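Heads up: numbering here begins at 1 and tracks the sequence. Just so you know, these numbers come straight off a predicted model, no measurement behind them. Only heavy atoms go into these numbers, but all of them, side chains included; no hydrogens, no water, no symmetry mates.
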Amino acid sequence: MGYTIQCLEGHLPLKGEAGTILRVYVDGKGQGTATTNWWNNILTGKGDPERGDFMVDGPATWKFELTDLSIQLLTEQDGFLLVGDGYTVKKVTIE
């Protein structure tokens, strides 16, 4: 089951630009990554099984530096999701 991250609505991709840093702080034991709403990686556009999920085994920080391709993907593929299993999102920052 997925949950909308209300605080990010309106920030990605409309206020994002190439060079924006998205950090996702997670904890747990599982795997996941940041994707478009079509479940494609926000940096590469690749879907499963080549999506490039991160393995989570305790506290971790995922860093995504948005590119022009990222902004294009987020715009064309209906926005942003955090996908996966077995982890909890603790915080998300946009720099």
Indicate yes or no: at least one non-hydrogen side-chain atom of [X] is less than 4.5 angstrom from one of [Y].
X: V92; Y: L22; value: yes
X: T88; Y: V26; value: no
X: L82; Y: V24; value: yes

Worksheet item: What pairs meet the side chain to side chain donor-acceptor pair (under 3.5 Å) rule with one or both residues in residues 42-59, with sequence neighbours excluded?
Response: K29-D57, Q31-D53, R51-D53

Practice prompt. Can you tell me which residue pairs pass the side chain to side chain donor-acceptor pair (under 3.5 Å) test with a partner in residues 33-43, sequence neighbours excluded?
Written response: T36-Q77, W38-D78, N40-Q77

Item to complete: Indicate the atoms forming the closest heavy-atom contact of A34 with F80, along with that distance.
Response: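 Result for this residue pair: CB-CE1, 3.7 Å.
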
Worksheet item: Is there a chain of hydrophobic side chains (I, L, V, M, F, W, Y, each step under 4.5 Å between heavy atoms) that links I94 to I71?
Response: yes

Worksheet item: What pairs with D85 under side-chain contact (heavy atoms from CB on, under 4.5 Å), at least two apart in sequence or on another chain?
Response: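 So D85 forms no side-chain contact (heavy atoms from CB on, under 4.5 Å) with any residue.
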
What pairs of donor and acceptor atoms, side-chain ones from residues 58-68 against any protein atom, are under 3.5 angstrom apart with sequence neighbours left out?
unit_1: T67; atom_1: OG1; unit_2: L69; atom_2: N; d: 3.3
unit_1: T67; atom_1: OG1; unit_2: S70; atom_2: N; d: 3.1
unit_1: T67; atom_1: OG1; unit_2: S70; atom_2: OG; d: 3.2

Item to complete: Could you note down all residue pairs passing salt bridge (Lys or Arg N to Asp or Glu O under 4.0 Å) where residues 86-95 supplies at least one of them, sequence neighbours left out?
Response: R23-E95

